[in-house]
Amino acid sequence: MKISTKGRYALRLMYELACHADEGYLNIRAIAQRQQISEKYLEQIIAMLSRGGCVISSRGAQGGYRLAKPPEAYTVGMILRLTEGCLAPVPCMQEGCAPCERAECCPTQFVWEALDNAISGVIDRITLADIVAHARGEAQQQ
């Protein structure tokens with residue numbers, strides 16, 4: 001499984017918003033400079049996150065973006081699925097996919113199910129708050 005630049009940058013953008021959640025709205029230019037990401041690319045990503053209800057925007061001189069919910073309400077999985085789409089390791093595991101003709105006799109289906117469960121188990125457990133805590137050296141030993 002590979003996560004695209006869009007997905008990685010979306011996580012970094014959301015991380016910035018989470019780090020500064022108590023400061024109000026952040027503008028894209030500041031995020032782009034801190035994260036060394038193209039402002040134009042971040043504008044495309046923030047539009048996706050906004051449509052998905054993850055961020056709230058405000059216009060004007062003091063405008064920008066902020067998280068719609070507290071950082072602990074967002075998982076890495078939520079953000080990646082919003083920007084990447086389905087994260088299933090093989091097409092037959094995708095939700096809404098026509099059932100595989102070989103599902104009954106496929107000797108490798110259990111491998112793909114285990115991989116999908118493992119990936120989901122990690123990305124659906126880690127929150128933006130966890131990422132912020134880890135970056136600040138506050139991560140709990142697990």
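The analysis underlying the following values was restricted to heavy atoms, covering all of them including side chains, and did not include hydrogens, waters or symmetry mates.
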Requested in this report: Write down the atom of Ala73, the atom of Met78, and the distance for their closest heavy-atom approach.
Outcome: O-SD, 3.5 Å
Query - Heavy-atom donor-acceptor pair, Asp116 side chain to Trp112 backbone, under 3.5 Å - result: no
Query raised in the report: Looking only at atom types and distance, does a side-chain atom of Glu84 sit under 3.5 Å from a main-chain N or O of Gly7, one as donor and one as acceptor?
Result: yes
Query - Shortest non-hydrogen contact from Ala68 toward Gly53 - result: CB-O, 3.4 Å
Report task. Mind checking the SG-CD spacing from Cys106 to Glu113? Nearest 0.5 Å is all I need. Result -> 9.0 Å
Report summary line: Closest non-hydrogen atoms of Cys54 and Leu82, given as atom of the first, atom of the second and distance, are SG-CD2, 3.7 Å
Requested in this report: Find out whether Ile45 and Ile37 are in side-chain contact, i.e. whether some heavy atom of one side chain is under 4.5 Å from a heavy atom of the other.
Outcome: no
Report task. First locate atom CD1 of Ile28, then atom CD1 of Ile46, and finally report the distance between them rounded to the nearest 0.5 Å. Result -> 4.5 Å
Query raised in the report: Is there a donor-acceptor contact under 3.5 Å linking the side chains of Ser120 and Arg81?
Result: yes
Query raised in the report: Which ring-ring contact (aromatic ring centres under 6.0 Å, His included) pairs, counting each pair once, include a residue from residues 50-70, with sequence neighbours left out?
Result: none
Query raised in the report: Considering only heavy atoms from C-beta outward, does the side chain of Leu128 approach that of Leu17 to under 4.5 Å?
Result: no
Requested in this report: Write down the atom of Ile131, the atom of Ile126, and the distance for their closest heavy-atom approach.
Outcome: CG1-CG2, 4.1 Å
**Report entry** Closest non-hydrogen atom pair between Gln62 and Tyr25, with its separation
**Finding:** O-CB, 3.9 Å
Report task. Give the cluster check for Val90 versus Val111: same hydrophobic cluster or not, with ILVMFWY residues linked at side-chain heavy-atom distances below 4.5 Å. Result -> yes
Query - ILVMFWY network linking Leu80 to Val122, side-chain heavy atoms under 4.5 angstrom - result: yes
Query raised in the report: Would you say Met48 and Leu42 are hydrophobically clustered, going by side-chain heavy atoms of ILVMFWY under 4.5 Å?
Result: no
Query raised in the report: Is the number of heavy atoms from other residues, nucleotides or ligands under 6.0 Å of Arg34 CZ greater than 12?
Result: yes
Query - Flag, side chain of Arg136 to backbone of Cys19, donor-acceptor distance under 3.5 Å - result: yes
Please table the atom pairs, donor to acceptor, closer than 3.5 Å between any side-chain atom in residues 8-15 and protein atoms at least two apart or in another chain.
from	atom 1	to	atom 2	distance (Å)
Arg8	NH1	Ile3	O	2.9
Arg8	NH2	Thr5	OG1	3.4
Arg12	NE	Gln35	OE1	2.8
Arg12	NH2	Gln35	O	2.3

Query raised in the report: What pair of heavy atoms forms the shortest contact from Ile123 to Thr75, and how long is it?
Result: O-CB, 3.6 Å
Report task. Rounded to the nearest 0.5 Å, what's the gap from CD on Glu39 to CD on Gln33? Could you check? Result -> 7.5 Å
